[in-house]
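Below is one structure, written out as C-alpha cells; comments come after it.
Position 1 is the first residue of the sequence; numbering continues from there.
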Amino acid sequence: MSSKRVRSDPGNGVGGKRQLKERELVELNSLLLETKERVSEAWSRGLEYSHEKGLAVGTQPFAHCVISNVIQRHRLLEGLQNELLQMNFCEKSNDLYQFKQVRKRLCEAKVW
C-alpha cells in the first residue's frame, strides 16, 4: 500500500504557504492490506482484534486501532519529525481531551 506526499517547487504556486521541494513515495505497512477484512469486521461490530505483527483494534475506553510501523520509510519519518519539531504549537483542552494545535491566528489570539 502506498501514498504520495506531494512536494512542490517554490516557484510553481502549488502547496500553500509552505512550499515543499520534492516528491516522495510513502510505503505503508503491508499488514494493512493483509488484515483489511478482519480489521474492518472487528471495527464495524465493536470487537477486539489483534495480530502478532503489531496491529490491534481495541474497544476500551473507545474504539481505536494501533498500527506498529505504519510508515516503512525511516528517511521520510525523520524528515517529518524535523518538520514537526520546527512548528509552534499551543495547547488546547476541554473536559474530554487535551491536545496541541499548530499556531494560527485564532490559536495565538486565544479565540477558540
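- At distances below 3.5 Å, at least one donor-acceptor pair connects side-chain atoms of Ser44 with backbone N or O atoms of Ser40.
- Between Leu77 atom CG and Gln72 atom CD the span is 9.0 Å, to the nearest 0.5 Å.
- Distance check: Glu78 CD to His74 NE2 gives 8.5 Å after rounding to the nearest 0.5 Å.
- In this structure, the side chains of Gln98 and Glu91 come closer than 4.5 Å at one or more pairs of heavy atoms.
- Rounded to the nearest 0.5 Å, atoms CG (Leu55) and OG (Ser68) are 8.0 Å apart.
- Side-chain contact between Leu28 and Leu33 is absent, with no heavy-atom pair separated by less than 4.5 Å.
- One distance of note links NE2 of His51 with OH of Tyr49; it measures 5.0 Å at 0.5 Å rounding.
- In this structure the side chain of Arg73 never reaches within 4.5 angstrom of the side chain of Arg75, judged on heavy atoms.
- The side-chain heavy atoms of Glu48 and Val57, taken from C-beta on, include no pair separated by under 4.5 Å.
- The shortest side-chain heavy-atom distance between Asn29 and Ile71 does not fall under the 4.5 Å cut-off.
- Both Leu96 and Phe99 are members of a single hydrophobic cluster when ILVMFWY side chains are connected at heavy-atom separations under 4.5 Å.
- A single hydrophobic cluster is not seen to contain both Leu80 and Leu85; linkage of ILVMFWY side chains at heavy-atom distances under 4.5 Å, directly or through other members, places them apart.
- For the pairing with Ile67, the side chain to side chain contact (heavy atoms under 4.5 Å, CB included) check across Val39, Thr35, Leu32 returns one residue only, Leu32.
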